[in-house]
Amino acid sequence: MKRRIATSLLVLAAGAGNASELPFAATRNVPDYTASMIVRNMSGEPKEMLRSVVHHKGWTRVESVNGNHTAISYGNYFDNTVLRTTRTGNEDFAWISIEKTDRSLDLSVKQAKETGETDNQAGEACKWWQLIRTKEEMAPLWFSCLSADGIEVSQKVLFRVGKPMSDTQLVRLDRTAVAESEISPPKRLFDPWFWLKPLRDYPAPEALVDFEARMVGGQDIEALSLAIRRASRKGRNSETYDLERTRKPGNLDHILQRHA
């Protein structure tokens, strides 16, 4: 099996500007920082996940961790540019998408205004801003809480009726110098040969176990059966692949077998 590559691979496409996974900023003059956060979903899955943010001169790397699945975004809020990718467990990157977006499109932040409310996140005082992303009457309400020096330390999204949809709360914030390499995508993501190699090493055919599978369908189904037979001929493994295309009316009760 080869590496899965999204159809949006290395394509600059019009989409949602100021992507929601990137922190909101009211000014470009935001200091370097690293932040750890917890995201809680009140209306969907997962209920809770970890989020880390690394920022340097307007560029940000955001990682959201749910179990062994990690979603990673690299981008610049004001330039409306974002690169997205994911990793699962110890596997390498499986897909990539890049968007260069138009701020005039829906879901981009068309207007931001202070609400007059203040908060405190892990010892960081902040002021709430409401983000206007769309004019649709039933669209969710987006809010961002910014520290005195412009760092987003919390987010919340409400249903139009005011019921919480999700919130992001700060766990730790460090204002520290960040190297450019920490907010830059790995170079191998832009290497065509990286995407042409297998995602991982798979076991040799002789290591696979025998199996029998039964498929049942309720309508006319065209099935392709594959029987694999192995034999040892003078110490050498050999395989025979028999392909049979069948079409059976009504219920399909077809057996796919692998024979030793």
Side-chain angles (χ1 to χ4, degrees), residues 1 3-6 8-9 15-16 18-25 30-77 81-99 101 107 119-124 126 131 140 142-147 151-158 164-190 194-195 199-200:
M1 181 180 295
R3 183 184 306 276
R4 299 184 304 275
I5 305 178
S8 55
L9 173 62
N18 304 133
S20 60
E21 63 264 49
L22 299 182
F24 165 70
V30 176
D32 286 7
Y33 71 90
T34 63
S36 300
M37 301 177 169
I38 294 179
V39 181
R40 296 184 177 90
N41 290 315
M42 290 74 166
S43 61
E45 297 294 339
K47 293 299 183 183
E48 187 174 292
M49 61 182 176
L50 302 178
R51 170 182 164 101
S52 65
V53 181
V54 181
H55 176 88
H56 171 70
K57 294 184 178 180
W59 289 91
T60 310
R61 185 187 85 235
V62 180
E63 295 191 7
S64 299
V65 180
N66 174 28
N68 69 340
H69 180 81
T70 302
I72 310 170
S73 298
Y74 300 85
N76 187 305
Y77 175 83
T81 301
V82 61
L83 180 153
R84 301 180 181 90
T85 187
T86 60
R87 300 185 72 167
T88 300
N90 294 325
E91 290 189 354
D92 212 334
F93 301 105
W95 65 273
I96 178 179
S97 70
I98 301 174
E99 286 184 352
T101 62
L107 294 183
D119 203 344
N120 190 293
Q121 294 283 325
E124 291 286 339
C126 62
L131 312 181
W142 296 73
F143 296 89
S144 173
C145 207
L146 302 184
S147 65
I151 299 174
E152 183 182 75
V153 296
S154 184
Q155 296 178 353
K156 61 182 177 182
V157 184
L158 308 179
M165 180 182 294
S166 68
D167 68 38
T168 303
Q169 297 184 358
L170 181 68
V171 175
R172 177 173 177 173
L173 174 64
D174 293 310
R175 293 174 177 83
T176 183
V178 173
E180 184 174 327
S181 60
E182 295 186 63
I183 49 83
S184 301
K187 291 183 179 180
R188 66 183 184 280
L189 292 181
F190 304 98
F194 171 76
W195 298 105
L199 182 61
R200 60 180 181 271

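Worth saying up front: this structure is predicted, and the values here are computed from it rather than measured.
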Checklist entry - What is the minimum heavy-atom distance between P164 and M42, and which atoms define it? => result O-CB, 3.6 Å
Item to check | From CA spacing to verdict: side-chain contact (heavy atoms from CB on, under 4.5 Å), R188, F93 | outcome: CA-CA 10 Å; R188 66 183 184 280; F93 301 105; 3.2 Å; yes
Item to check | Straight-line distance of F24 CZ to C145 SG, nearest 0.5 Å | outcome: 11.0 Å
Checklist entry - What distance separates T70 OG1 from E91 CD, expressed to the nearest 0.5 Å? => result 12.0 Å
Item to check | Heavy-atom side-chain contact between I183 and T60 under 4.5 Å | outcome: no
Item to check | Qualifying residue for side chain to side chain contact (heavy atoms under 4.5 Å, CB included) with V39, from R51, K47, E48 | outcome: R51
Item to check | W195 side chain vs W95 backbone, donor-acceptor pair below 3.5 Å | outcome: no
Checklist entry - Once you round to the nearest 0.5 Å, how far does CH2 of W59 lie from OH of Y74? => result 12.5 Å
Item to check | F194 and I96, any side-chain heavy atoms less than 4.5 Å apart | outcome: no
Next on the checklist: For a 4.5 angstrom cut-off between non-hydrogen side-chain atoms, does T81 reach E99?
Outcome noted: no
Checklist entry - Hey, are the side chains of L50 and S36 touching, using non-hydrogen atoms and a 4.5 Å cut-off? => result no
Item to check | Close side-chain approach of E21 and R84, heavy atoms under 4.5 Å | outcome: yes
Item to check | Ionic contact status for E124 with R175, cut-off 4.0 Å | outcome: yes
Item to check | Minimum side-chain heavy-atom gap L158-F143 below 4.5 Å | outcome: yes
Checklist entry - Just by distance, do the side chain of N66 and the backbone of M49 share a donor-acceptor pair under 3.5 Å? => result no
Item to check | Between E152 and S144, a side-chain donor and acceptor under 3.5 Å | outcome: yes
Next on the checklist: Has Q121 got a side-chain atom pairing as donor or acceptor with S154's backbone, closer than 3.5 angstrom?
Outcome noted: no
Checklist entry - Which atoms form the tightest heavy-atom contact between V30 and A25, and what is the distance? => result CG2-CB, 4.3 Å
Checklist entry - Which atoms form the tightest heavy-atom contact between S147 and C126, and what is the distance? => result N-CB, 4.0 Å
Checklist entry - Taking atom CZ of R61 and atom CD1 of I72, what is their separation to the nearest 0.5 Å? => result 7.5 Å
Checklist entry - Is the shortest heavy-atom distance from the side chain of T88 to the side chain of N68 under 4.5 Å? => result yes
Checklist entry - Side-chain contact, heavy-atom cut-off 4.5 Å: V178 with H55? => result no
Checklist entry - Could you state the interatomic distance from CD (Q169) to CZ (R40), rounded to the nearest 0.5 Å? => result 4.5 Å
Next on the checklist: Is it true that, when you exclude R172 itself, more than 12 heavy atoms of the residues, nucleotides or ligands shown sit nearer than 6.0 Å to its CZ?
Outcome noted: no
Checklist entry - Please walk me through it: do I98 and F190 pass side-chain contact (heavy atoms from CB on, under 4.5 Å)? => result CA-CA 11 Å; I98 301 174; F190 304 98; 4.0 Å; yes
Item to check | P31 to I151 - nearest heavy-atom pair and separation | outcome: CG-CD1, 4.0 Å
Item to check | Considering all heavy atoms, the nearest L173-A35 contact | outcome: CD1-CB, 4.0 Å
Next on the checklist: Apply side-chain contact (heavy atoms from CB on, under 4.5 Å) to residues K156 and T168 and explain how you reach the verdict.
Outcome noted: CA-CA 6 Å; K156 61 182 177 182; T168 303; over 6 Å; no
